[in-house]
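Only a predicted model underlies this, so the values are computations on that prediction, with no experimental measurement involved.
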Amino acid sequence: MEAKLRDKGFNDPVIAAVLSDLDRLGYLDDEKFAGQWAAGRVRLRSFGRRRVERELRDKGVDGETVTRTLGEVLPPSVELATAKETAERKLRTLQSFDRETRRRRLAGFLERKGFSYDVIRDVLKNIDKS
């Protein structure tokens, strides 16, 4: 935040006052931000661990906080369930394709959503059973 304010041309006293106010209001809490961001991305956009991790790192959240947050918000069981639900929704739009094309497109879709190869493999394995 300090770097952004400096880039905008604010002087040191203004930056100190703004940072103090933001801290007092609880707006500079990386743990809280990371948790809310991750939960929202999983719940609203059905993103996987890799995508959420990259987004948090791009936003400047340190690696330890990211790891801890993802462990709480997106444990493996939740990630797999999210991937399965996402795949089921996507499969409805792929019914006109042959089996291999459906599998390939679904795998690519899940990969772009940020799911790991292991999760995608498990989802595809369960798709074959249904």
Side-chain angles (χ1 to χ4, degrees):
M1 183 57 72
E2 182 178 351
K4 293 226 182 247
L5 292 171
R6 279 196 200 292
D7 289 346
K8 297 284 184 185
F10 292 100
N11 60 28
D12 287 342
V14 171
I15 292 172
V18 168
L19 291 178
S20 174
D21 285 347
L22 290 174
D23 190 38
R24 182 178 49 79
L25 294 170
Y27 293 150
L28 296 179
D29 185 350
D30 277 354
E31 294 277 340
K32 183 177 176 183
F33 167 76
Q36 290 174 341
W37 181 267
R41 299 309 264 181
V42 171
R43 184 173 31 83
L44 300 173
R45 303 292 301 272
S46 300
F47 285 164
R49 177 178 290 271
R50 289 176 35 223
R51 175 91 179 246
V52 175
E53 178 179 4
R54 186 186 56 209
E55 287 183 354
L56 287 172
R57 288 181 187 272
D58 287 349
K59 294 194 170 300
V61 178
D62 69 278
E64 186 178 308
T65 302
V66 170
T67 302
R68 190 171 37 256
T69 298
L70 289 176
E72 295 169 4
V73 173
L74 197 56
S77 60
V78 172
E79 184 176 25
L80 183 58
T82 301
K84 286 178 181 178
E85 291 169 15
T86 303
E88 288 169 3
R89 284 194 308 269
K90 182 64 175 176
L91 273 175
R92 288 183 224 138
T93 68
L94 300 174
Q95 292 306 312
S96 63
F97 298 101
D98 63 88
R99 179 181 180 273
E100 283 307 311
T101 302
R102 257 194 325 268
R103 287 174 57 81
R104 188 179 65 247
R105 288 188 179 201
L106 183 60
F109 175 76
L110 292 172
E111 185 178 10
R112 287 186 300 279
K113 285 282 196 174
F115 295 101
S116 70
Y117 172 74
D118 291 335
V119 171
I120 294 170
R121 186 188 65 226
D122 287 348
V123 169
L124 292 177
K125 199 181 316 178
N126 289 331
I127 294 298
D128 289 337
K129 292 178 183 175
S130 53

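The cluster map of Ile, Leu, Val, Met, Phe, Trp and Tyr, joined by side-chain heavy atoms under 4.5 Å apart, puts Leu124 and Leu110 in the same cluster. Residues Val73 and Leu80 do not share a hydrophobic cluster, defined by chaining ILVMFWY side chains whose heavy atoms lie under 4.5 Å apart. Placement of Val14 and Leu25 within a single hydrophobic cluster is found when ILVMFWY residues are connected by side-chain heavy-atom separations under 4.5 Å, directly or transitively.
Rounded to the nearest 0.5 angstrom, Leu91 CG and Thr86 OG1 are separated by 11.0 Å. One finds the CG atom of Leu22 at 5.5 Å from the CE atom of Met1 (value rounded to the nearest 0.5 Å). The CD1 atom of Ile127 lies 10.5 Å from the CZ atom of Arg99; values are rounded to the nearest 0.5 Å. For the atom pair CZ of Arg41 and CG of Leu74, the computed distance is 13.0 Å after rounding to the nearest 0.5 Å. Separation of atoms OH (Tyr117) and CG (Asp122) is listed at 10.0 Å; rounding is to 0.5 Å.
Between the side chain of Arg51 and the backbone N or O of Arg112 there is at least one donor-acceptor pair closer than 3.5 Å. Although no hydrogens or angles enter the test, the distance criterion places no donor-acceptor pair under 3.5 Å between the side chain of Glu79 and the main chain of Val119. Not one N or O on the side chain of Arg49 forms a donor-acceptor pair closer than 3.5 Å with the backbone of Ser116. With Thr82 contributing its side chain and Val78 its backbone, the two residues share a donor-acceptor pair below 3.5 Å.
None of Glu85, Lys113, Arg89 except one satisfies the side-chain hydrogen bond (donor to acceptor under 3.5 Å, both in side chains) rule with Ser46; the exception is Arg89. In summary, of the residues considered (Thr69, Thr67, Asp62), a side-chain hydrogen bond (donor to acceptor under 3.5 Å, both in side chains) with Thr65 occurs for Asp62 alone.
In plain terms, the two heavy atoms of Leu94 and Leu106 that are nearest each other are CD1-N, 4.1 Å. Taking each heavy atom of Phe10 and Ile15 in turn, the nearest pair found is O-CD1, 3.5 Å. Scanning all heavy atoms of the two residues, the minimum distance from Phe115 to Ile120 falls at O-CD1, 3.6 Å. Residues Leu56 and Ala38 share a closest heavy-atom pair of CD1-CB, 4.5 Å.
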Chi angles and distances behind the salt bridge (charged side-chain N to carboxylate O under 4.0 Å, His left out) call for Asp21, Arg24
CA-CA 5 Å; Asp21 285 347; Arg24 182 178 49 79; 3.5 Å; yes
Start with the C-alpha gap between Lys59 and Glu55, add the side-chain angles, then the distance that decides, and say whether salt bridge (charged side-chain N to carboxylate O under 4.0 Å, His left out) holds.
CA-CA 6 Å; Lys59 294 194 170 300; Glu55 287 183 354; over 6 Å; no
One pair to check against side-chain contact (heavy atoms from CB on, under 4.5 Å): Glu2 and Val18. What are the steps and the verdict?
CA-CA 9 Å; Glu2 182 178 351; Val18 168; over 6 Å; no
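A 4.5 Å side-chain heavy-atom check between Val52 and Val42 finds at least one atom pair inside the cut-off.
A salt bridge links Arg68 to Glu64: one of the charged nitrogens lies within less than 4.0 Å of a carboxylate oxygen. The residues Arg57 and Glu53 are annotated as salt-bridged, a charged nitrogen and a carboxylate oxygen being separated by less than 4.0 angstrom. We find that Asp118 and Arg121 are joined by a salt bridge, their nearest charged nitrogen and carboxylate oxygen being less than 4.0 Å apart.
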